[in-house]
Each structure stands twice: as structure tokens, then as C-alpha cells.
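First the structure, in the form of C-alpha cells, and then the observations on it.
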2 protein chains.
Amino acid sequence: MRLIEHEGVGAVSMRRVAAELGAGTMSLYNHVPSKIALLDYAAEQIMADIEPYTVETDDWRDHMRAHARAVRDHARKHPRAFVLLATRRMSGDVGLRPIEVALMNLERAGFKGEVAVRVVRAMVSYLLGTLTREMATTPELGGVALSPYQPIDPEAFPRSSAVLDELGRYDHDMEFEFGLELMIKALEQYSEG
Amino acid sequence: MRLIEHEGVGAVSMRRVAAELGAGTMSLYNHVPSKIALLDYAAEQIMADIEPYTVETDDWRDHMRAHARAVRDHARKHPRAFVLLATRRMSGDVGLRPIEVALMNLERAGFKGEVAVRVVRAMVSYLLGTLTREMATTPELGGVALSPYQPIDPEAFPRSSAVLDELGRYDHDMEFEFGLELMIKALEQYSEG
DNA sequence: CGCTGCGACGTACAGCGTACGTAGCTGGAT
DNA sequence: ATCCAGCTACGTACGCTGTACGTCGCAGCG
């Protein structure tokens with residue numbers, strides 16, 4: 001985990017890990033069947049370390065906001081490790097816990113059964129999408145910090161060039177909250193109609 | 001592209017590509033500065049190949065549905081190649097064109113300027129999230145096709161075990177449309193109030 | 001005492017990206 | 001006609017990767 005957070009997933013090699021542990025390279029294989037399994041385990045660890053949120057009200061919206069923000073906070077604290085979660089599918093208790101929490105909360109909002117599962121999945125998709133994109137733009141290692149847009153041809157892309165400033169600016173806080181509120185609005189309306 | 005689609009991004013090596021082209025490995029470097037640049041170019045190609053949607057009405061909702069479905073259809077046609085888009089940020093004309101189309105359509109719905117950009121980004125995040133997840137579960141190469149959930153402890157996870165069947169089933173069509181309609185509902189409400 | 005199993009370790013192999021040096025050809029300048 | 005610059009192709013080599021395989025020593029048990 002230390003290696004991942006300091007130098008990124010790409011820096012993880014069996015030789016590096018073994019050296020960091022002061023052990024022989026192949027000794028690792030007595031504890032882990034393959035490198036993939038090692039990274040799977042690291043991903044589980046990251047997922048398990050997401051801090052449980054606390055909230056004072058009983059409003060499902062506040063719970064949803066708090067839960068989403070807890071995930072995002074965790075991602076921002078471990079940006080290089082978080083990418084491991086994007087592609088992996090978690091099947092154990094570790095992956096089930098946040099789902100259980102979400103289902104519990106959605107029950108408050110009147111969502112049950114199949115629909116609740118769909119809502120959870122839509123939410124997870126949005127979260128994974130924004131956070132993956134946000135982490136990809138953090139300046140540390142490879143991320144583009146500032147405006148990646150050269151002057152745009154206004155004839156070919158009139159709308160884009162009209163909002164060129166906004167396209168080049170990234171206010172991740174704002175954008176995250178915007179998308180989150182969008183989802184909440186949608187769910188409010190869904191549960192009513 | 002042939003190599004990516006048949007054997008996945010992981011099978012792409014400079015030696016393989018060169019062999020496929022009947023050329024020497026290092027000859028590739030006369031046309032491409034690095035392997036990363038090669039994959040960047042492949043990603044651009046994939047993005048450029050997304051088929052423009054056609055729609056008969058002027059309703060922004062129908063346009064949004066058609067656009068989203070066009071992206072998904074493309075992703076499903078080239079599942080192994082599509083993952084290249086998840087992490088990359090496109091800055092040229094190729095990346096701008098879909099944005100321009102989206103902005104044009106959002107104008108119909110009354111979204112302009114900064115807000116329109118935020119809507120586009122939220123939409124892109126959702127699309128990238130669902131499609132990444134969907135592609136990760138396609139049975140071809142590495143995907144888990146059927147229920148990955150072992151029997152769940154009903155005491156620890158009562159809600160999850162109540163919907164165990166749904167958790168194990170993936171109806172990607174349904175789920176995609178569900179999330180899409182959720183976003184549309186949210187935007188409708190947003191533009192009204 | 002001897003055996004069995006497990007953890008640690010070194011060696012080796014096939015493959016990777018690419019830096020570097022070296023050819024051959026081709027078009028323009030002299 | 002001659003020469004040279006620049007482009008493309010290619011082979012070799014370096015340092016890295018994941019891991020299959022064989023060996024060694026030690027701990028626990030019959």
C-alpha cells in the first residue's frame with residue numbers, strides 16, 4: 001500500500017514489493033498466488049478502509065450525500081490506489097457492506113427490491129465515473145491540471161468555443177456536488193411519480 | 001486495432017504490432033514516438049468512429065437518448081478497445097465533436113454556459129462509469145457472466161440477501177436505460193425549478 | 001530418530017519498452 | 001555529376017517484468 005500510494009500502481013512489481021519487505025522475490029508466492037491476486041487484495045483493502053459516514057438526520061438525501069462524500073474523500077486521500085477499484089468487481093463482504101448501507105438508506109426513500117438495486121448501480125456508476133475522471137486530472141503523476149484546450153475554431157465548434165473558459169476549468173468540488181444533487185433530484189421525482 | 005479487438009489491449013506490444021505489420025520492431029518508432037502515443041492514437045480512432053446518431057424529433061430528451069445509445073452501441077461493438085477511453089482525456093477535435101453535439105442539444109433544453117458544461121460532464125461521468133462496468137462484465141476475457149454472489153449471511157446483510165437474485169443478475173440494457181432516464185428526469189426538473 | 005510439509009530463496013526463461021548505431025534510398029543543392 | 005541531408009528500416013542490447021521450477025533449512029509429529 002505504501003508503494004502504491006507513493007509511486008503508483010505501475011511501480012508495483014514483485015521485485016519492488018519483496019525488496020521493500022526485505023525478502024526474496026519468490027518468497028511472496030508463498031503468501032499470494034499471483035500479482036493479480038495481490039492487487040485484488042490491495043483493492044479490497046482500499047474498499048474496506050472507506051470511512052463509515054455519520055449523519056444526524058434521518059433524511060435519505062443527507063445519508064446519500066454523506067455516503068457519496070465519504071467515498072470521494074477516501075478517493076482523494078488515496079488517488080493512486082483508488083484506480084484499482086474502477087475495474088475490479090468485489091464479491092466478498094467488503095464489497096457487500098456499502099451496498100447494504102445504500103440499500104438500507106434507499107429503503108427510507110421508498111426504494112425496494114429490483115428498483116433499489118438499479119438505483120445503487122446507477123449511483124455506483126456515476127461515482128466511479130466522476131472519481132475516475134477526477135483522479136485522472138490530479139496534477140500528481142500524469143494528470144492535466146490546467147486548461148488542456150487550445151484555442152478552438154469557432155466556426156466548427158461554436159458552442160464549445162463560447163464556453164471555452166469553462167471547458168478548461170475544473171472545479172471538482174462543484175462538479176461532484178452538481179452531479180450528486182442531480183441524482184438526488186432524479187430519485188426524489190422517481191419516488192413521487 | 002485488429003489486435004486490440006481480437007486479443008485485448010494487453011496483447012498489444014511493439015513486437016506483436018510490428019510482426020502483424022510485417023516490419024521490424026523498431027521501425028514503428030519512425031512513425032510513433034512511444035507505445036503510449038500509439039495507444040493514445042488508437043483511443044482517438046475509437047472515439048472518432050462513434051457513429052453519429054440520427055433522430056427525427058426536436059425533443060432534447062430524444063437527442064440525449066440517441067446520443068447515449070450511440071455511445072453504448074459503439075462500446076458494445078468494440079468492448080476491448082473501449083476501455084482505452086476510460087482513462088484518457090481527449091483534447092483535439094475528436095474529443096470536442098461529441099461535446100459540441102451535446103452542448104447544442106442542451107441548448108434546446110435551456111442549458112447554457114457553465115451549467116451546460118457541468119451537465120455534459122455529469123453525463124460523461126455516468127456514461128463512462130456504466131459502460132466501463134458493463135464491459136468489465138462481458139464474458140469474453142475476464143468478465144464475470146453469472147451471479148458472482150455466494151449465499152449471503154442474512155444476519156449481517158439482511159437487505160442484500162433479500163435482493164440476492166437481483167444482485168446476481170445483470171440486465172445491462174435495462175440498467176443502462178434506467179440510469180439514462182434518471183438523468184433525463186433530473187435535468188427536466190432542474191430546468192424547470 | 002526420521003519423515004513430512006512449509007517457507008524462503010536463487011536461477012532461469014520468455015517477454016517487455018526502447019536507446020542506440022547502422023545501413024539504404026531519395027531529393028535537392030552545388 | 002557529385003555530394004549531402006534526411007527519412008525509413010532494421011538489429012542489437014540493456015534493464016526490467018511475472019513466474020515456473022528446484023533446492024535448502026527448519027519445525028512438528030509418528
Side-chain angles (χ1 to χ4, degrees), chain A residues 1-47 78-92 135-136 139-144, chain B residues 1-47 78-92 135-136 139-144:
Chain A
M1 296 296 300
R2 201 188 333 135
L3 189 54
I4 292 178
E5 289 188 19
H6 286 7
E7 306 191 35
V9 184
V12 175
S13 82
M14 300 307 265
R15 285 168 175 82
R16 277 297 301 275
V17 172
E20 212 86 7
L21 264 52
T25 306
M26 294 311 288
S27 308
L28 301 182
Y29 284 89
N30 290 316
H31 307 272
V32 151
S34 72
K35 184 189 179 182
I36 291 181
L38 184 82
L39 292 178
D40 285 350
Y41 183 73
E44 267 198 24
Q45 202 64 27
I46 294 158
M47 188 113 200
H78 314 283
R80 324 184 95 117
F82 191 77
V83 305
L84 284 176
L85 299 186
T87 53
R88 252 156 270 255
R89 183 157 303 267
M90 232 125 278
S91 51
M135 297 310 122
E140 9 172 336
L141 193 60
V144 184
Chain B
M1 296 296 300
R2 200 189 332 137
L3 189 55
I4 293 178
E5 289 187 18
H6 286 8
E7 306 191 36
V9 184
V12 174
S13 81
M14 299 309 262
R15 285 168 174 80
R16 277 298 301 275
V17 172
E20 212 87 7
L21 264 50
T25 307
M26 293 311 287
S27 309
L28 300 182
Y29 285 88
N30 289 313
H31 307 273
V32 151
S34 72
K35 184 191 180 182
I36 291 183
L38 184 83
L39 291 178
D40 285 350
Y41 184 73
E44 267 198 22
Q45 203 64 27
I46 294 156
M47 188 114 202
H78 313 283
R80 324 183 97 117
F82 190 78
V83 302
L84 283 176
L85 298 186
T87 52
R88 251 157 272 254
R89 183 158 302 266
M90 232 124 281
S91 52
M135 298 310 121
E140 11 172 333
L141 192 61
V144 184

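Numbered from 1 within each chain, the chains take letters A, B, ... in sequence-line order. Because the structure is predicted, anything quoted here is derived from the model rather than measured.
Of the residues listed (Arg89(A), Gln45(A), Arg88(A)), the one engaging Asp40(A) in a side-chain hydrogen bond (donor to acceptor under 3.5 Å, both in side chains) is Arg88(A), and it is the only one.
Look at His31(A) and you'll find a side-chain N or O under 4.0 angstrom from OP1 or OP2 of dA8(C).
Between the CE atom of Met14(B) and the C1' atom of dA9(D) there is a distance of 14 Å, rounded to whole Å. We find that CG of Leu28(A) is positioned 9 Å from P of dA8(C), with the value rounded to whole Å. Straight-line distance from the NZ atom of Lys35(B) to the C1' atom of dA19(C): 17 Å, rounded to whole Å. Regarding Arg16(B), its CZ atom lies at a distance of 17 Å from the P atom of dA14(C), rounded to whole Å.
The shortest distance between side-chain heavy atoms of Ile4(B) and Ile46(B) does not fall below 4.5 Å. Residues Lys35(B) and Leu28(B) form no side-chain contact, since every pair of their non-hydrogen atoms from C-beta on lies 4.5 Å or further apart.
Checked against dG17(C), dT19(D), dC20(C), the side chain of Tyr29(B) finds its nearest nucleotide in dG17(C). You'll find that the side chain of Met26(B) is closest to dA19(C), out of dT17(D), dC9(C), dA19(C). Minimum atom distance to the side chain of Asn30(A) is reached by dA8(C), of the listed dT19(D), dT18(C), dA8(C).
Note on Val12(B): only backbone sugar-phosphate atoms sit closer than 4.0 angstrom, heavy atoms only; bases stay farther off. Using a 4.0 Å heavy-atom criterion, one finds that Ser27(A) contacts the bases of the nucleic acid, with or without backbone contacts as well. Within 4.0 Å of Val32(A), counting heavy atoms only, lies no atom of the nucleic acid at all.
Across all their heavy atoms, Leu84(A) and Leu39(A) have their closest contact at CD1-O, 4.2 Å.
If you check distances only, the side chain of Arg15(A) does reach the base of dT19(D) with a donor-acceptor pair under 3.5 Å.
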